[in-house]
There are 2 protein chains.
Amino acid sequence: MGQPSLQLDIHVKHSDIFQALIKDQLVSDPASARGRLLAEAATLFRDKGYERTTVRDLAAAVGIQSGSLFHHFRTKEEILKAVMVETIRLNTAVMQAAVEGETESEAKLRALIRAELESINGKTGEAMAVLVYEWRSLSEVSQTEVLALRDVYEELWLTVLKRLKNEGQLNADVFIARRMLTGALSWTVTWYKPERGGLTLDGLTDQVMALLGFGGAAGAPE
Amino acid sequence: MGQPSLQLDIHVKHSDIFQALIKDQLVSDPASARGRLLAEAATLFRDKGYERTTVRDLAAAVGIQSGSLFHHFRTKEEILKAVMVETIRLNTAVMQAAVEGETESEAKLRALIRAELESINGKTGEAMAVLVYEWRSLSEVSQTEVLALRDVYEELWLTVLKRLKNEGQLNADVFIARRMLTGALSWTVTWYKPERGGLTLDGLTDQVMALLGFGGAAGAPE
DNA sequence: ATTTACAAACCAAGCGCTTGCTTGGTAATG
DNA sequence: CATTACCAAGCAAGCGCTTGGTTTGTAAAT
């Protein structure tokens with residue numbers, strides 16, 4: 001399978017990127033009060049939905065009184081927004097590293113798919129799910145604000161897809177292809193359970209590539 | 001449920017199927033009080049989400065007092081469930097007709113994709129979006145109940161995909177392919193706006209087929 | 001080393017409002 | 001003349017958030 005991993009040392013570690021972002025104050029340290037709060041919020045928002053999660057639920061999960069939450073955030077919505085903003089920041093950095101780690105277009109695409117699948121189904125999965133499925137719960141002003149951040153992220157995808165299209169390796173329209181991929185990949189959060197079925201993230205990536213007509217015949221995984 | 005109805009005139013009309021289901025009491029007549037209520041509920045649930053929609057909102061949209069809702073449904077959740085159940089019933093029937101209207105595997109797949117895109121983005125779109133994105137708001141008992149109905153629907157897809165795989169026209173795993181398609185197609189509800197961009201449902205179907213490597217080079221739609 | 005000063009982090013209590021839903025009665029329908 | 005459809009009013013519970021006061025961490029001043 002075409003995946004060289006550490007080629008010289010181009011592949012930057014996930015955790016290294018994370019540390020750098022914490023240092024720059026772009027995401028909160030999960031050890032800090034704010035960081036723990038956001039992590040719990042992400043889990044709760046994904047499991048029960050933003051609206052069904054009360055500030056009392058969240059406070060109990062963190063181990064403080066409900067009123068004390070408002071020392072850290074002014075409103076409940078601000079918590080949701082913070083989860084989304086920090087998630088986008090982290091993932092943009094991760095995806096950027098993923099693209100830059102490869103040279104060929106097909107490899108870049110694979111790296112992007114693999115990275116997004118990891119974002120969705122890995123440690124940041126809760127937050128990613130919130131980002132995708134709790135969109136409507138943001139106020140309109142917050143929505144446009146978050147949307148601006150997403151554009152950077154989306155540009156990464158479009159650049160790679162455009163290259164593939166020019167090279168004749170992609171038939172469909174670039175924007176539509178990206179949107180289809182967004183849907184398909186984010187939907188995995190509802191069904192992909194690595195512990196059962198024995199399908200790894202790499203295996204899943206292979207399947208997506210196979211569906212798009214890349215990488216020849218990939219056999220059945222089961 | 002399996003009624004093939006008249007299959008000389010192969011393409012059964014959407015509206016004919018609808019009428020038949022109403023007659024069998026499997027979905028409510030949109031002219032009835034219950035039917036209007038469910039239609040309004042679907043719209044509101046999609047636009048604002050189930051939790052953000054209050055019984056007062058819903059009652060106002062229908063033009064009655066909030067308490068009067070509970071003459072038709074015992075709880076708010078029962079309304080959500082009814083929207084979902086009736087949507088699945090209708091769409092299962094529509095999809096069944098779509099598959100039976102074609103003979104070749106590729107054509108069957110195209111018909112399924114086209115039909116699901118229409119379900120999602122057409123008149124039943126509100127209800128479909130609710131079905132997909134308000135899943136968590138159902139109680140667990142209701143979830144399993146609705147899930148059983150979905151299985152029939154899903155079987156239609158899997159049968160066609162299996163045939164394609166046997167014929168060597170599909171590389172990826174059948175179950176995974178279906179799940180990817182579910183995500184990709186249902187996600188269209190968030191971005192596909194037929195009025196702008198000039199992309200028709202048929203055009204969109206072509207794009208999906210092109211992404212899967214079918215139907216040769218489909219040019220850019222824009 | 002102990003005191004002083006001060007802000008950040010948190011608690012206990014509860015306010016004002018909205019929520020889903022109930023109740024007892026009235027109007028329409030067939 | 002009973003059944004169905006609705007209204008007017010409101011209840012109990014839960015909601016996001018505020019308030020006033022107490023603890024805790026930190027660092028300079030004594």
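Convention: sequence-line order gives letters A, B, ...; per-chain numbering from 1.
Within the 4.0 Å cut-off from OP1 or OP2 of D:dC6, not a single side-chain nitrogen or oxygen of B:His71 is found. The phosphate of D:dA5 (OP1 or OP2) has no side-chain N or O of B:Ser68 nearer than 4.0 angstrom.
You'll find that the side chain of B:Gln65 is closest to D:dC7, out of D:dG16, D:dC7, C:dC21. Side-chain proximity of A:Thr54 to the nucleotides C:dC11, C:dT22, D:dG16 is greatest for D:dG16. Out of D:dC7, D:dC17, C:dG20, the shortest distance to the side chain of B:Ile64 is found at D:dC7.
Within the 4.0 angstrom heavy-atom criterion, no nucleotide atom of any strand lies near A:Ser32. Within 4.0 Å (heavy atoms only), A:Thr75 reaches sugar-phosphate atoms of the nucleic acid but no base atom.
Residue order along DNA chain D, read from the 5' end via each residue's closest nucleotide, puts B:Arg36 first among B:Arg56 and B:Arg36.
Salt bridge status for A:Glu155 with A:Arg150: absent, with no side-chain N to carboxylate O gap under 4.0 Å. Salt bridge B:Glu134/A:Arg136: present, at least one basic N to carboxylate O contact under 4.0 Å. With respect to A:Arg110 and A:Asp206, a salt bridge is recorded, a charged nitrogen being found less than 4.0 Å from a carboxylate O.
Under the 6.0 Å distance and 45° angle rule, B:Lys81 does not count as a cation-pi partner of B:Phe73.
Taking atom CZ on A:Phe73 and atom C1' on D:dT18, their separation rounds to 18 Å, with Å as the unit.
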